[in-house]
Amino acid sequence: MPHIDSITLINKGFVDVPIPKEVDLINEIKRLKKEKNAVLLAHYYQDKAIQDLADFLGDSLYLAKAAATVDADVIVFAGVHFMAETAKIINPTKKVLLPDLKAGCSLADSCPPSDFSAFKALHPEAIVVTYINCSAEIKALSDIVCTSSNAVKIIESIPKGKPIIFAPDKNLGRYLIKETGRDMILWDGSCIVHEAFSFDKIIQLAQENPTAKFIAHPESESQVLDIAHYVGSTSGLLNFVQQDSAQKFIVATEAGILHEMKKKAPQKTFIPAPVNDDTCACSECAFMKLNTLEKLYNCLLYELPEIKLDPVLMNAAKAPIDRMLELS
Ligand code: 13P
Ligand code: SF4
């Protein structure tokens with residue numbers, strides 16, 4: 001096994017060892033998973049081929065629950081950094097791998113810990129609820145974590161009258177204020193992918209497809225959510241398209257989810273919601289798409305890059321995640 005220089009790994013974010021052409025990546029990944037007693041957890045926003053290889057495929061909550069209970073030596077997380085970090089925090093004895101360490105998240109990046117500490121200090125009486133899309137440092141500053149599939153329940157579990165800070169996603173925060181009727185102090189963060197959807201183009205597309213239902217992830221902007229027939233997490237959207245009688249859906253979330261939608265409801269039509277910029281495929285999360293089959297193969301082969309966290313930080317970040325899991 002070649003020596004992997006840790007500086008190169010940090011700079012590049014992944015194991016950049018050339019893979020011989022004759023290697024059958026799909027079969028080798030399956031073989032390595034068995035050999036290493038590893039499980040592959042993948043989010044719906046991953047490339048199709050990676051989703052198809054997953055032992056656990058799902059939304060953030062499902063994957064966090066799976067990470068907490070898997071009986072394997074190694075967890076390979078095909079998702080973004082905060083997801084792999086969460087897996088390590090809730091199951092610290094496992095080796096947790098992420099194919100590309102640079103698979104970050106604009107939402108997590110929009111909440112630097114020192115700024116958030118100062119913000120929190122302005123509202124010392126508030127309960128701090130954070131969306132799981134944040135760093136371990138931010139989780140450690142929180143009272144309870146939530147995902148988009150349990151956020152309403154988590155907010156409703158907080159005694160009425162108690163002030164609430166919600167971070168980092170202002171769009172999800174505004175949606176929760178509307179849904180729960182609770183006033184919340186919002187951190188000003190957002191997801192670049194979900195903010196890229198064009199309200200005008202969605203209206204036009206809906207007029208061209210009058211039988212289609214429009215569905216959206218709550219990380220989208222308020223004016224987009226206001227016209228949606230259904231708002232939900234990725235797994236919520238997936239359930240909705242299977243159960244609803246409509247045959248056509250315009251889908252405002254990362255386009256990777258369409259793969260599982262087409263598998264679960266092959267007779268239905270799914271149209272990705274249009275974005276503002278004609279020059280980019282903004283409904284794709286560039287961070288999620290950093291994970292490739294090649295990086296996944298090398299990650300399993302060399303068992304790198306590995307998520308390593310300070311034990312004190314892990315302990316502090318675990319308590320608010322445990323509170324969420326108890327309530328979910
Ligand atoms: P969910 O899969 O929990 O809906 O979250 C989507 C997301 O933003 C992942 O980045
Ligand atoms: Fe982060 Fe948005 Fe990508 Fe999800 S889709 S990982 S919130 S940047």
Side-chain angles (χ1 to χ4, degrees), residues 42-48 51-52 57-63 107 131 133 146-156 169-181 190-278 280-285 288-289:
H43 189 267
Y44 292 126
Y45 296 168
Q46 291 294 288
D47 273 337
K48 294 174 194 172
Q51 291 191 44
D52 291 344
L57 172 68
D59 72 354
S60 311
L61 181 62
Y62 173 80
L63 294 174
L107 196 42
Y131 189 34
N133 299 34
C146 71
T147 77
S148 49
S149 50
N150 62 17
V152 168
K153 194 172 178 186
I154 300 284
I155 299 297
E156 284 175 346
D169 190 4
K170 64 178 176 198
N171 293 314
L172 175 60
R174 283 181 192 140
Y175 172 72
L176 292 170
I177 289 173
K178 238 179 114 181
E179 285 297 297
T180 63
S190 61
C191 159
I192 44 170
V193 179
H194 288 87
E195 283 208 328
F197 294 117
S198 162
F199 178 76
D200 293 341
K201 288 186 191 172
I202 291 168
I203 297 281
Q204 196 187 325
L205 190 62
Q207 280 164 357
E208 289 161 10
N209 294 276
T211 60
K213 281 201 173 154
F214 173 59
I215 59 174
H217 193 280
E219 288 173 20
S220 310
E221 290 176 319
S222 299
Q223 62 167 356
V224 168
L225 298 179
D226 285 347
I227 56 165
H229 292 101
Y230 175 77
V231 174
S233 69
T234 50
S235 57
L237 299 173
L238 191 59
N239 288 338
F240 183 79
V241 300
Q242 293 171 79
Q243 282 156 17
D244 194 77
S245 59
Q247 294 300 305
K248 217 185 231 189
F249 299 89
I250 300 168
V251 183
T253 193
E254 212 269 2
I257 187 78
L258 268 61
H259 180 54
E260 191 64 13
M261 285 180 173
K262 286 175 190 161
K263 273 178 144 180
K264 290 265 160 63
Q267 75 289 5
K268 298 192 177 182
T269 305
F270 303 102
I271 312 170
V275 293
N276 270 313
D277 188 345
D278 291 331
C280 78
C282 298
S283 71
E284 289 215 328
C285 175
M288 284 278 181
K289 272 19 186 209

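Here the shortest heavy-atom pairing between F270 and A265 reads CE1-O, 3.7 Å. Of all non-hydrogen atoms in L205 and P274, the two that sit nearest each other are CD2-CD, 3.6 Å. Shown here for H229 and A212, the closest heavy-atom pair between the two residues is CE1-O, 4.0 Å. Annotation for C191 and L107: closest pair N-CD1, 4.0 Å, computed over non-hydrogen atoms. Contact record, S222 with N171: N-OD1, 4.4 Å, taken as the closest heavy-atom pair. Contact detail for Q51 and G256: the closest heavy-atom pair is NE2-O, 3.2 Å.
Residues satisfying the side-chain contact (heavy atoms from CB on, under 4.5 Å) test with D52, not counting sequence neighbours, are H259, K263. Every salt bridge (Lys or Arg N to Asp or Glu O under 4.0 Å) that K201 has, sequence neighbours left out, goes to D278. Remark: Q204 pairs with E208 by the side-chain contact (heavy atoms from CB on, under 4.5 Å) rule, at least two apart or across chains. Judged as a salt bridge (Lys or Arg N to Asp or Glu O under 4.0 Å), and not counting sequence neighbours, K262 has no contacts. Not counting sequence neighbours, F214 has no partner by the ring pair (Phe, Tyr, Trp, His ring centres under 6.0 Å) test.
To the nearest 0.5 Å, atoms SG (C146) and CG (L61) are separated by 10.0 Å. In this structure, F197 CZ and E219 CD are separated by 10.0 Å, a value rounded to the nearest 0.5 Å. Going from atom CG of N239 over to atom CD of Q243 covers 5.5 Å, rounded to the nearest 0.5 Å. Interatomic distance, Q223 CD to D200 CG, rounded to the nearest 0.5 Å: 7.5 Å. For the atom pair OG (S220) and CG (L172), the distance works out to 10.5 Å, reported to the nearest 0.5 Å. A distance of 13.0 Å separates CD1 in I154 from OH in Y131, rounded to the nearest 0.5 Å.
Within the 4.5 Å cutoff, no side-chain heavy atoms of L57 are placed close to those of Q46. The side-chain heavy atoms of I203 and F199, taken from C-beta on, include a pair separated by under 4.5 Å. A heavy-atom distance below 4.5 Å is not found between the side chains of S233 and T147. Looking only at side-chain heavy atoms (C-beta outward), D226 and K178 come within less than 4.5 Å of each other. Residues Y230 and F249 are not in side-chain contact: their nearest non-hydrogen atoms beyond the backbone lie 4.5 Å or more apart. Considering only heavy atoms from C-beta on, S148 stays 4.5 Å or farther from D59 through its side chain.
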Would you please test D169 and N133 for side chain to side chain contact (heavy atoms under 4.5 Å, CB included) and show each step?
-> CA-CA 8 Å; D169 190 4; N133 299 34; over 6 Å; no
Using the side chain to side chain contact (heavy atoms under 4.5 Å, CB included) rule, take E179 and V231 through it: C-alpha gap first, then chi angles, then the decisive distance, then the call.
-> CA-CA 11 Å; E179 285 297 297; V231 174; over 6 Å; no
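In this structure, the side chain of K268 engages the main chain of A246 through a donor-acceptor pair within 3.5 Å.
Within the structure, every pair that satisfies the side chain to side chain donor-acceptor pair (under 3.5 Å) test and touches residues 244-254, not counting sequence neighbours, is listed here: Y45-T253, H194-T253, N209-K248, K213-D244, E254-K289.
Residue E260 is tested with L238, V241, L237 for a side chain to side chain contact (heavy atoms under 4.5 Å, CB included); the sole match is L238.
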